[in-house]
There are 2 protein chains.
Amino acid sequence: MEPDTQIDLSAGARSRSDQIAGLLEEQILTGRFPPGARLDEASLAEEHRVSRTPIREAFQRLAQSGLVDHAPRRGVFVRQTTAVEIMEMFEVMAEIEAICGRLAALRATETAVEALRQANAACRRALEAGDADLYYEENGAFHRLIYAQSGNRYLEQEATRLHRRLKPYRRMQLHLRGRLKQSMAEHEGIVAAIASGDAQGAERLLRAHVAVQGEKFHHLLSQLRIDV
Amino acid sequence: MEPDTQIDLSAGARSRSDQIAGLLEEQILTGRFPPGARLDEASLAEEHRVSRTPIREAFQRLAQSGLVDHAPRRGVFVRQTTAVEIMEMFEVMAEIEAICGRLAALRATETAVEALRQANAACRRALEAGDADLYYEENGAFHRLIYAQSGNRYLEQEATRLHRRLKPYRRMQLHLRGRLKQSMAEHEGIVAAIASGDAQGAERLLRAHVAVQGEKFHHLLSQLRIDV
DNA sequence: GTCAACCATCTCGTATACAAAAAGGATGGA
DNA sequence: TCCATCCTTTTTGTATACGAGATGGTTGAC
């Protein structure tokens, strides 16, 4: 075989363990397995009608994504993500989005900007329809578009990964009074900055747009006194 | 069990598969397994005197760190990291280090700055001794210190991870004429900026300091016509 | 001679088996 | 009554077994 043939693994042939990993991730994030809970190989294997092998492989993926801790010879435990850690992740997310915005302002083509405008229009429709869940989805698409327009695939990947990791904590803020409208207004400014090639503006606006999510999360915490 | 007890997994009890993963990683990066090469479960199992199970677990880790591609039902192949991807990673590294520098300038304590000065002094000694390998090590310590002084643990982790990923490509530049001296001079400026709380300066200097590595890498490529 | 289909072989993904280590409880002594 | 030690039990980590899917070569038809 020639060493320079890149393997195509775009095939959707996901193995059983992959599916289980995704499912477990969802279940952890939605709270079926609370922080500190131990994930039992045997019972999960029974539940999913598979042997321990796929379960263990799923555990490995979860451990690497930081969702669980793997204590050798003792088991797998749902990681206790502290509020501090989440705030730290929001801070990094703000910076990464700021970078994406800056690069996007410098690199986005006219057609790319048009795509961004359409994504934003979809957000506006969701807002006007009062559909918070839909807004949440369209908002995600909007941001992923900015990641892509950074023109840096690696950056896009990393941004998407962190975005995904913060998903449950962003979702908590959906029903905060007035947040959607404010978010929408910020979007307008961001699109304008990227469209006009205002790199500094896009950077600043995006950083603020995301940083406010971290702050909202903090407020939510102290109001509800939830231990995350 | 109380849900709020955080598991301590600082134990050095690394399983066999962890060790193998580290070893394989090293062997891939040092070129024993060239890009595109297929990693055979059976022969590796035999070589390491273990069964296929630990080998497969090691493969999973490598796949998630992006070092290999896992083609379902077909095998595991060393990933062909293209020059473009590496340049992209250097660009992200430059931005992340810039962020670390900015935050460090805002947050570093006097003792932290002193530690940074000492790390820099170690770099200088290595330079004066003409020991490129030692400089490389001390330089790594210097940068890790800046990551830590960002005051954001998550950021520190991510920066460390990318730093590690880029290690082999940074190492290629070690023997470029004059680079060590130039690097050292840049360090001085960075320390000064952080020490004086000059956030913008630290950000700008660190971005340039890392970006130049990407450029050097590019030059090296075109000179040597190496396919990475 | 070329192309397609079929079959043998190999490898992967999963199931099961076994050994070692850790956790928990019981027993004995202080 | 409390604590330490030993043993049992549970559970992990690894080895092995087996079925399914992919690969490559061969054979046959056109």
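Numbers restart at 1 for each chain; the letters A, B, ... are given by sequence-line order, proteins then strands.
- Separating the NE2 atom of A:His48 from the C1' atom of C:dT14 is a distance of 15 Å, rounded to the nearest angstrom.
- Remark: A:Thr53 is not in phosphate contact with C:dT14, judged by side-chain N or O atoms under 4.0 Å from OP1 or OP2.
- Spacing between atom CD1 of A:Ile55 and atom P of C:dG13 amounts to 16 Å, rounded to whole angstrom units.
- We find that A:Arg52 and A:Glu41 are joined by a salt bridge, their nearest charged nitrogen and carboxylate oxygen being less than 4.0 Å apart.
- Residue-to-nucleotide proximity on DNA chain D shows that, of A:Ala42 and B:Ser51, the 5′-proximal contact is made by A:Ala42.
- Taking atom CZ of A:Arg52 as the reference point, atom P of D:dT12 lies 6 Å away to the nearest angstrom.
- The nearest whole Å value for the distance from the CD atom in B:Glu41 to the P atom in C:dC10 is 16 Å.
- Atom CG in B:Asp69 sits roughly 15 Å away from atom P in C:dC12 (whole-Å rounding).
- Of the side-chain N and O atoms in A:His70, one or more sit less than 4.0 angstrom from OP1 or OP2 of D:dG13.
- Rounded to an integer number of Å, the gap from B:Gln60 CD to C:dT14 P is 10 Å.
- Regarding A:Glu57, its CD atom lies at a distance of 8 Å from the P atom of C:dG13, rounded to whole Å.
- Distance check, rounded to the nearest 0.5 Å: NE2 of A:His70 to CG of A:Leu62 gives 12.0 Å.
- Each of A:Arg73 and A:Ser17 lies near DNA chain C, and the nucleotide nearest A:Ser17 is the one positioned closer to the 5' end.
- Taken from CG in B:Asn152 to CD in B:Gln157, the straight-line distance is 9.5 Å, to the nearest 0.5 Å.
- Rounded to an integer number of Å, the gap from A:Arg74 CZ to C:dG24 C1' is 14 Å.
- B:Gln213 pairs in a side-chain contact (heavy atoms from CB on, under 4.5 Å) with only one of the listed residues (B:Met172, B:Arg179, B:Met93), which is B:Arg179.
- OP1 or OP2 of C:dC12 sits under 4.0 Å from a side-chain N or O of B:Arg38.
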